[in-house]
Every structure is written in C-alpha cells, then in structure tokens.
Amino acid sequence: MQHIFNIDESRHAIERMAPVDYLGSSYYERWLDRNIRLLVEKGVITREELERRMAQLAGGTDPATPHSDPKLTARMLRVTKDRTPYRQPGPPPCFALGDRVLTRHDAPVGHTRLPRYARGKPGVIVRVHGTFIFPDTNAHGQGEQPHALYSVRFDAALLWGDSAEPRAPVHIDLWERYLLPDAPARSTS
Amino acid sequence: MDPLPSREIADMSGAAALPRKNGELVFNEAWQGRIFGMTVAMSHEACFAWREFQAHLIEEIAHAEREGESTSYYERWLQAFEQLLTDKGLIDTDTLAERTRDLQSGRRDDVF
Amino acid sequence: MSGGHDEHGHHHREPESVLSLRVRALESLLVEKKLVSSEAVDRIVSAYEQDIGPHNGAKVVARAWVDPAYRARLLADGTAAIEELGFGGVDLQVVENTPGVHNMVVCTLCSCYPHALIGLPPVWYKSFEYRSRAVREPRVVLREFGVDLPESTEIRIWDSSAELRYLVLPERPAGTERLNEADLAKLVTRDAMIGVAVVKPPAGASH
C-alpha cells in the first residue's frame with residue numbers, strides 16, 4: 001500500500017494554514033485540515049467531491065455501503081504499525097561531541113525543524129544521533145537527503161538574555177545543515 | 001496514517017470523554033470494558049458510525065444530568081448503546097430483558 | 001428508554017451486578033446475531049487499555065530502577081533497550097533525573113510525543129502555553145505543576161524537534177527498597193516521564 005504522503009509533508013501542510021485559522025483551531029481540527037489539504041493536493045479527492053459527500057451525509061444519506069474487509073484491515077494494520085525508517089545511511093558527521101556550533105540565522109523559505117527561538121545562536125554538541133532523513137528537503141519533494149542529526153545544548157542566557165532562568169539549558173535535535181562551526185574545529189590527533 | 005486505537009474514539013472530549021487516570025482508561029468493573037469493546041467492535045463493523053453513537057452518548061449524559069441521576073459514565077454509555085441498537089432494530093428490549101433474566105437465574109451461563 | 005425501573009416504577013440506580021448481567025446479556029445476543037465476536041471485544045479492550053496508557057513506559061522505568069545494567073543500556077540506546085521489553089515503534093532517547101539534574105520534555109514546533117510508551121498526550125502538552133513556556137521559563141512552569149526544585153538543580157529541557165522521542169527516567173523515590181518491579185511500575189506516572197512531576201513514594205513508606 002503506497003504511502004500517500006509523508007510526515008514532513010503533513011507538518012508542512014499544517015504550517016501553511018492561514019495563521020488566523022491555525023490559532024483558532026483545536027489540535028484535531030488542524031489534523032483534519034492537514035489531511036484534507038494533502039489529499040486534495042495529491043489528487044486523491046477533489047474539494048467538490050468532499051463537499052458533495054458532506055452534503056449527502058448532512059442530509060442523512062450515506063452513499064457508502066457498510067462492509068468489512070479483513071484482508072484490507074490486516075494490510076492497514078501492518079502499514080500503520082510500520083514505522084517509516086527515518087534513520088538512513090548518510091555522509092559521516094562533520095561535528096563531534098563537545099564541538100561549539102552556531103545555528104544559521106537566515107529564515108528558511110519552506111519547511112524546517114530549526115525553531116525560530118534558536119536561530120543564530122551558539123551551542124554545544126552533546127550527542128551525535130546518527131544520520132536521518134532531512135525534513136527541509138523531504139517536505140518539498142526534493143528527496144530525503146539524510147545526514148547527521150545532533151543534540152545541541154544552548155545556555156538559557158544566550159537564548160533569552162538577562163531574564164533567563166539560571167541553569168535551564170535547552171537541548172534541540174538539529175541537522176548538520178542548520179549548523180556552522182562556532183570556533184575553530186578541534187584538531188584531530 | 002492513523003495508528004490504532006482510533007483517535008476519534010480515544011479523544012472524545014467534554015462530558016463524553018472516556019474516564020482516565022494518569023492518562024490510562026479506567027474500567028472499574030469488567031462489564032465496563034466489555035460494553036466499551038462491544039460498541040467499538042460494532043462501529044468497526046460499520047453497524048453504525050462512531051459519530052452516531054457519540055451523539056447518543058452525549059444526549060444520554062445530558063438527560064441524566066438534567067434529571068439529576070447519579071448514574072456513572074459507563075451506565076450512561078450502556079443506556080446510549082442500547083438505545084442506538086434499538087433505534088436501528090438490531091435488538092429489542094424484550095429479548096434483552098429475557099436474556100438478562102436467563103443469566104440471572106442461571107438458566108443460561110454465557111461467560112465472556 | 002432508561003434502565004433502573006423496578007416493579008414499583010421507581011427509577012433508581014441499579015446495583016452493579018445487575019449492570020454486569022445486562023452487559024453479558026447484550027454480548028450474548030449480539031454474538032448470537034453475529035454482530036460482534038467476543039475475540040474482537042477482547043482485542044479492543046486490550047488495545048485501548050494497553051496501547052494508550054503509560055503502562056509501557058512505567059515498565060521500562062521500573063526495570064531500569066531494579067537492574068543497573070539495563071539502566072545503562074537504556075541510557076545508551078533507548079530504542080534497543082525498550083525492544084528488549086517488547087516495545088518498539090519509536091526512536092527513543094532516555095534522559096535520567098539525578099539529584100542535581102531534572103529533565104523536562106516538550107515539542108515547541110508541534111506536539112511530538114512518545115505515544116508508544118506513554119499513550120496519548122495530555123491536552124496541556126499540546127497547548128501553545130506549554131510549548132512556548134517550557135523552554136522559556138521551565139522553573140516557573142514546574143512550580144505550577146507542583147515541582148519545586150532548588151536553584152542549584154539544573155533543569156534540562158529537551159525540544160523534540162526531530163523524529164527522536166524523549167522519555168524522562170525519574171528518580172526512584174526513597175523507601176521503595178522492598179517493592180518488586182510490578183509495584184514500582186505502579187508508582188510511575190505519565191507526568192513523571194514527561195518531566196513535569198517526580199515519582200512520589202507510596203503512602204506510608206519510611207524516608
């Protein structure tokens with residue numbers, strides 16, 4: 001059973017909702033809007049078909065005939081329990097434990113998983129997680145481009161300034177392409 | 001794309017919200033789990049849409065609140081489920097009452 | 001139609017055993033009419049009880065408390081360690097609380113959550129308030145949850161910005177030396193595994 005869309009496209013679809021709609025929606029209304037938007041974009045349904053069916057259901061008629069299909073159910077169960085493997089082979093990491101890094105400060109055009117509050121900030125690599133599919137490209141059909149993902153630690157004062165709480169560092173999982181070296185790379189001996 | 005169990009069922013909100021403790025479903029008595037499971041199973045079999053049952057549940061809860069009944073969540077669920085089945089002609093109350101009496105008297109001994 | 005009318009027509013709350021009979025009667029009828037199967041009911045009850053609660057995470061925590069070697073494996077590779085206990089479907093990073101360190105998990109970008117281990121996220125976890133304040137003022141947020149930590153304790157906030165999910169390994173409370181693994185698991189709450197609570201000792205435990 002093909003995956004009609006991937007999780008990065010899903011998230012990006014939510015992000016493209018008009019801000020007014022996003023703030024007013026409950027979590028699951030956003031989920032529903034996301035699914036409708038993506039199904040329409042993928043050509044699985046048209047908005048006209050959806051509206052026609054909704055009108056029919058509201059009028060009390062359900063054109064779908066109830067049926068159970070154990071084979072289909074079993075297939076669907078397998079699909080939903082399979083985890084899409086986000087870990088994929090990629091190039092070796094450029095950064096190592098303890099390296100100081102600086103996050104990019106340029107605002108991305110499309111989908112990204114670099115939180116705004118952490119743009120252009122200095123941090124330290126505290127873990128090298130391995131290589132993972134890159135959502136920034138995956139969400140736009142530009143391919144998975146897996147590469148190194150790190151846990152990066154940021155001092156609260158460097159994120160928030162004087163009003164930061166003491167000893168409250170924030171750790172964020174960030175892809176290598178979000179990062180630049182902040183200090184000369186350690187020499188390997 | 002939606003993993004089991006169904007979010008539509010698990011995330012009912014407001015008065016119809018499934019009772020939970022520490023995020024877990026609470027079935028204080030075995031019959032509560034059974035009636036929950038039966039309702040979900042029948043909705044899976046498309047005997048009715050979940051939304052239909054949910055509407056009955058909400059109505060039953062509202063009715064019970066108005067009447068000041070001290071019934072529990074799953075008692076109201078049971079009422080709503082029976083009402084839905086009766087409305088759809090899937091069971092009739094006389095047969096159900098008779099079956100209940102048979103179990104009570106020991107004439108039948110179905111165990112689930 | 002409402003239940004509970006006895007022969008005198010009074011409406012009263014039915015005793016539990018009558019309800020149990022009624023439900024059994026329903027199941028009996030519905031099975032007879034082939035509208036449900038009892039096996040399906042069993043599977044559904046199990047799935048909802050087990051798959052959407054924090055039992056799984058609590059088992060992992062309890063195992064880590066009693067088995068130091070497991071604890072080490074869990075901290076080194078959470079994904080593999082939980083598979084030892086039969087749990088999977090998540091790329092997991094476990095972070096341990098110690099006397100000097102308290103961990104807290106959030107997803108500022110959406111509301112990523114280790115569903116497979118701790119079930120459904122609570123409404124507050126998905127709220128804009130938690131998602132923005134947990135990174136900005138964790139100590140204040142924790143106090144609002146009833147957790148008052150000394151200023152000397154480091155609070156590590158983990159923002160689940162990628163596909164890794166985070167689980168907090170809470171400190172084992174004092175006075176639980178005699179408890180077995182199953183009893184320990186019962187103490188572990190969902191909120192403690194998110195990092196907005198600590199695990200309390202059982203009532204009556206000596207400190």
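Numbers restart at 1 for each chain; the letters A, B, ... are given by sequence-line order, proteins then strands.
Contact record, A/Arg113 with C/Cys112: NH2-SG, 3.7 Å, taken as the closest heavy-atom pair. Taking every heavy atom of both residues into account, C/Leu75 and A/Arg127 meet most closely at O-NH1, 3.9 Å. Closest approach of C/Ser161 to A/Asp173, counting heavy atoms only: OG-O, 2.5 Å.
With contacts defined as side-chain heavy-atom distances shorter than 4.5 Å, the pair C/Trp158/A/Val170 does not qualify. Annotation: side chain of A/Arg87 is in contact with side chain of C/Leu164 (closest heavy-atom distance under 4.5 Å). Looking only at side-chain heavy atoms (C-beta outward), C/Thr108 and A/Tyr117 come within less than 4.5 Å of each other.
For a residue to count as touching a neighbouring chain, one of its non-hydrogen atoms must lie under 4.5 Å from one of that chain's; by this rule A/Phe154 does not touch chain C. For A/Ile172, the parts lying near chain C are the backbone and the side chain together; criterion is any non-hydrogen pair under 4.5 Å.
Crowding of A/Arg177 atom CZ: a count of heavy atoms from other residues, nucleotides or ligands under 6.0 Å exceeding 12. No more than 12 heavy-atom neighbours from other residues, nucleotides or ligands sit within 6.0 angstrom of NE2 on A/His105.
Classified by interplanar angle (parallel below 30°, tilted 30° to 60°, perpendicular above 60°), the ring pair A/His129/C/Tyr166 is perpendicular.
Within residues 150-157 of chain C, the residues having any heavy atom closer than 4.5 Å to a heavy atom of chain A are C/Glu151, C/Ser152, C/Thr153, C/Glu154, C/Ile155, C/Arg156, C/Ile157, listed by residue number. Contact residues of residues 156-166 of chain A toward chain C are A/Trp160, A/Ser163, A/Ala164, A/Glu165, A/Pro166 (heavy-atom distance under 4.5 Å). Below 4.5 Å, heavy atoms of chain A meet heavy atoms from C/Val135, C/Arg136, C/Glu137, C/Pro138, C/Arg139, C/Val140, all part of residues 132-142 of chain C.
Every residue was checked against the salt bridge (Lys or Arg N to Asp or Glu O under 4.0 Å) condition with A/Asp155, not counting sequence neighbours, and none meets it.
In this structure, CG in C/Leu109 is found 8.0 Å from NE2 in A/His111, a value given to the nearest 0.5 Å.
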